[in-house]
Structures are given as C-alpha cells and as structure tokens.
Trainee: 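Take a look at the following structure, please.
Computed over heavy atoms, backbone and side chain alike; hydrogens, waters and symmetry mates excluded. Residue indices begin at 1 and follow the sequence shown.
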Amino acid sequence: MEPMRLIISTLLLLLLITMGSSSSPTNPRQRVHVPCKRLVFYFHDIIYNGHNFKNATSTIVGAPSWANKTILANQNHFGDLVIFDDPITLDNNLHSPQVGRAQGFYIYDKKEIFTSWLSFSFVFNSTHHKGTLNFAGADPLMNKTRDISVIGGTGEFFMARGVATLSTDAFEGEVYFRLRVDINLYECW
C-alpha cells in the first residue's frame with residue numbers, strides 16, 4: 001500500500017505545480033513599460049532659402065522636376081529631400097549652449113498631406129552627454145505630437161531603444177522650425 005500512496009502523492013504534487021504555474025498571467029499587454037531614461041531636447045532647423053547662407057543649418061539636396069533646390073516645392077513640399085546639421089539645446093532658445101547636433105535628412109513623401117520621413121542622429125559633444133542616439137520614422141507634421149523610433153546609439157547610449165515624441169515648438173514660415181523631442185528609452189545598457 002505504501003508504493004500506491006507515494007504514486008498518488010507524487011501525482012497530486014505534480015498537479016498542484018502545474019495548476020500554480022498556469023494561473024500566472026502571461027499576457028504581454030498587461031506588462032507596464034517603464035523607461036530606463038527620459039530626456040528632453042530641442043533642435044532648431046534653419047533651411048537655406050537663397051539669402052541666409054551664414055545662418056542656414058539645412059538645405060534641399062533633391063527636388064522634383066517642377067521645383068528647385070532653393071525654395072521648397074509646392075504640393076506640401078512633395079519630393080523634396082533636405083539634409084540638416086541642426087543645433088540641439090536643452091531649452092527652446094536657439095542661442096542657448098549647444099549640447100550636440102541633429103544630423104540627418106527628411107523627405108517630404110506625400111502630395112495630399114504635409115508629412116515627411118526622418119532619419120537622423122543626435123551627436124552629443126558636451127559635458128552633459130557623450131555618444132549618439134539614432135532615430136527613424138514617419139513624421140505627419142500636422143499632428144500635434146508624433147512618435148518615431150529610437151533605433152540605437154553609441155557611447156553613453158550604446159544600443160539604446162525607445163520612442164521619441166516630436167512636437168513642433170515654433171516655426172517661422174518655411175525658413176525656421178524648432179522641435180521639442182521627448183525621449184523615452186526602454187533599453188539602456
């Protein structure tokens with residue numbers, strides 16, 4: 001009778017272990033994502049318009065056949081490719097000390113809606129931060145806020161992953177705009 005009790009006890013124990021492990025929630029939607037690092041920066045873009053060479057931080061390098069490379073194209077700037085090397089500051093003042101440069105490009109990619117696609121890096125060169133953060137994604141410019149992906153980094157931001165929320169903080173016609181960039185990193189090394 002003793003071996004039978006041992007078998008029953010073992011089966012009950014296995015049943016309890018199986019039931020206990022299956023009752024824990026495994027739905028990934030229930031997970032709460034908490035950023036490992038939060039940052040806020042501003043970058044200032046001054047597009048070359050044929051008259052502001054000394055101050056310009058961006059320029060059109062590609063344009064559709066009906067446009068030119070000095071003035072942004074009609075039809076929501078569709079087809080324009082702009083490269084930039086913009087100052088990054090910790091506040092919204094263009095003349096504040098720079099903590100780095102935003103370097104990359106944006107392409108105006110729709111005729112019907114004012115939107116672009118971005119690919120750029122924040123290249124930090126200050127005592128605040130060392131390294132780079134890399135970004136890519138669609139930027140529907142008419143939305144109050146837009147999310148793009150943080151797809152990597154170097155130095156202090158080695159292999160960082162996260163989301164950057166962009167909002168247009170100011171603009172002056174088609175020559176100047178300032179973006180507020182709220183960065184939430186979810187993978188920090």
Trainee: Looking at every heavy atom in both Y108 and V82, which two are closest together, and how far apart are they?
Mentor: CE1-CG2, 4.3 Å
Trainee: I want to check something: taking the side chain as every heavy atom from C-beta on, are L94 and R178 in contact at a cut-off of under 4.5 Å?
Mentor: no
Trainee: Test ring-ring contact (aromatic ring centres under 6.0 Å, His included) on F41 and H128 and set out the steps.
Mentor: CA-CA 12 Å; F41 298 104; H128 295 285; 8.9 Å; no
Trainee: What distance separates D86 CG from L179 CG, expressed to the nearest 0.5 Å?
Mentor: 8.5 Å
Trainee: Check F124 against H129 and note the closest heavy-atom contact, atom names and distance.
Mentor: CB-O, 3.4 Å
Trainee: State the CG-CZ distance between L133 and R161, to the nearest 0.5 angstrom.
Mentor: 11.0 Å
Trainee: Find the distance between CD1 (I60) and CD1 (I47) and round it off to the nearest 0.5 Å.
Mentor: 4.5 Å
Trainee: Do T89 and H44 meet the criterion of a side-chain donor-acceptor pair at a distance under 3.5 Å?
Mentor: yes
Trainee: Please walk me through it: do E187 and V150 pass side chain to side chain contact (heavy atoms under 4.5 Å, CB included)?
Mentor: CA-CA 10 Å; E187 289 186 27; V150 177; over 6 Å; no
Trainee: To the nearest 0.5 Å, what is the distance between CG (L185) and CZ (R38)?
Mentor: 10.5 Å
Trainee: Apart from V61 itself, what residues make up its hydrophobic cluster when side-chain heavy atoms of I, L, V, M, F, W and Y under 4.5 Å apart count as a link, directly or indirectly?
Mentor: L81, I83, F105, I107, W117
Trainee: Test question: given the 4.5 Å side-chain rule for I, L, V, M, F, W and Y, name all other residues clustered with F158, or answer none.
Mentor: M159, W189
Trainee: Establish, from distance only, whether the side-chain atoms of T165 and D147 form a donor-acceptor pair under 3.5 Å.
Mentor: yes
Trainee: Would you find a donor on one side and an acceptor on the other, under 3.5 Å apart, between the side chain of E156 and the backbone of K130?
Mentor: yes
Trainee: Any idea which heavy atoms bring T145 and S167 closest together, and the distance?
Mentor: CG2-CB, 4.3 Å
Trainee: Give a yes or no answer on whether the side chain of R101 reaches the backbone of D85 with a donor-acceptor pair at less than 3.5 Å.
Mentor: yes
Trainee: Roughly how far apart are I151 CD1 and S121 OG, rounded to 0.5 Å?
Mentor: 7.5 Å
Trainee: At what distance, to the nearest 0.5 angstrom, does CG of L39 lie from CZ of F157?
Mentor: 5.5 Å
Trainee: Minimum heavy-atom separation for L166 and L118, please, with both atom names.
Mentor: CD1-CD1, 3.5 Å
Trainee: With D91, which residues qualify under side chain to side chain donor-acceptor pair (under 3.5 Å), at least two apart?
Mentor: S96
Trainee: Specify whether F120 and F122 have parallel, tilted or perpendicular ring planes, treating 30° as the upper limit for parallel and 60° as the lower limit for perpendicular.
Mentor: tilted
Trainee: Minimum heavy-atom separation for I46 to N55, with atom names?
Mentor: CD1-O, 3.5 Å
Trainee: Can you name the one residue among F135, F84, F43 that meets ring pair (Phe, Tyr, Trp, His ring centres under 6.0 Å) with Y106?
Mentor: F84
Trainee: So does D169 pair up with R180, basic N to acidic O under 4.0 Å?
Mentor: no
Trainee: If I compare all heavy atoms of G153 with all of N134, which pair ends up nearest, and what's the gap?
Mentor: N-ND2, 3.7 Å
Trainee: Examine M142 and V181 and state if one hydrophobic cluster contains both, with Ile, Leu, Val, Met, Phe, Trp and Tyr joined whenever side-chain heavy atoms are less than 4.5 Å apart.
Mentor: yes
